[in-house]
Amino acid sequence: LALRGRIEAADGQSEAARAAFEGALEIFEQLGDVRVVDLRLELARVALDDGDVSTARKLVATLPPQEGKRAAQLAY
């Protein structure tokens, strides 16, 4: 589902991308998988592509503190 979301996002299909990312997020949350952070970032990117800055900010605010490269990606 995560890859499907990336494909849909690259194709400009934000609704399909969002649905795929949300589905993958739900699965990873149930599994306790660390990729939850990656999926929230992908959802934030989709929101930004749609011009929904408020949702993007809310998604970024849910992320735990990061280190290294990830911290640089999230710094604002």
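For the single chain, residues carry numbers from 1 onward in sequence order.
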Salt bridge (charged side-chain N to carboxylate O under 4.0 Å, His left out) partners of Asp50, counting only residues at least two apart:
Arg18
Determine the minimum heavy-atom distance between Ala17 and Gly5, stating which atoms define it.
CB-O, 3.4 Å
Show me the donor-acceptor pairs within less than 3.5 Å that the side chains of residues 27-34 make with the rest of the protein, sequence neighbours left out.
from, atom 1, to, atom 2, distance (Å)
Glu29, OE2, Arg40, NH2, 2.9
Asp33, OD1, Arg35, N, 2.7
Asp33, OD1, Arg35, NE, 3.0
Asp33, OD2, Arg35, NE, 3.3
Asp33, OD2, Arg35, NH2, 2.7

Here the gap from Leu43 atom CG to Lys58 atom NZ, rounded to the nearest 0.5 Å, amounts to 14.0 Å
Out of curiosity, Arg4 CZ to Ile7 CD1, how far, rounded to the nearest 0.5 Å?
8.5 Å
Heavy atoms only: give me the nearest Gly23-Leu1 pair and the separation to one decimal.
C-CD1, 3.6 Å
Of all residues at least two apart in sequence or in a different chain, which pass the side chain to side chain contact (heavy atoms under 4.5 Å, CB included) check with Asp52?
Ala47, Ser54, Thr55
What is the minimum heavy-atom distance between Ala44 and Val60, and which atoms define it?
CB-CG2, 4.2 Å
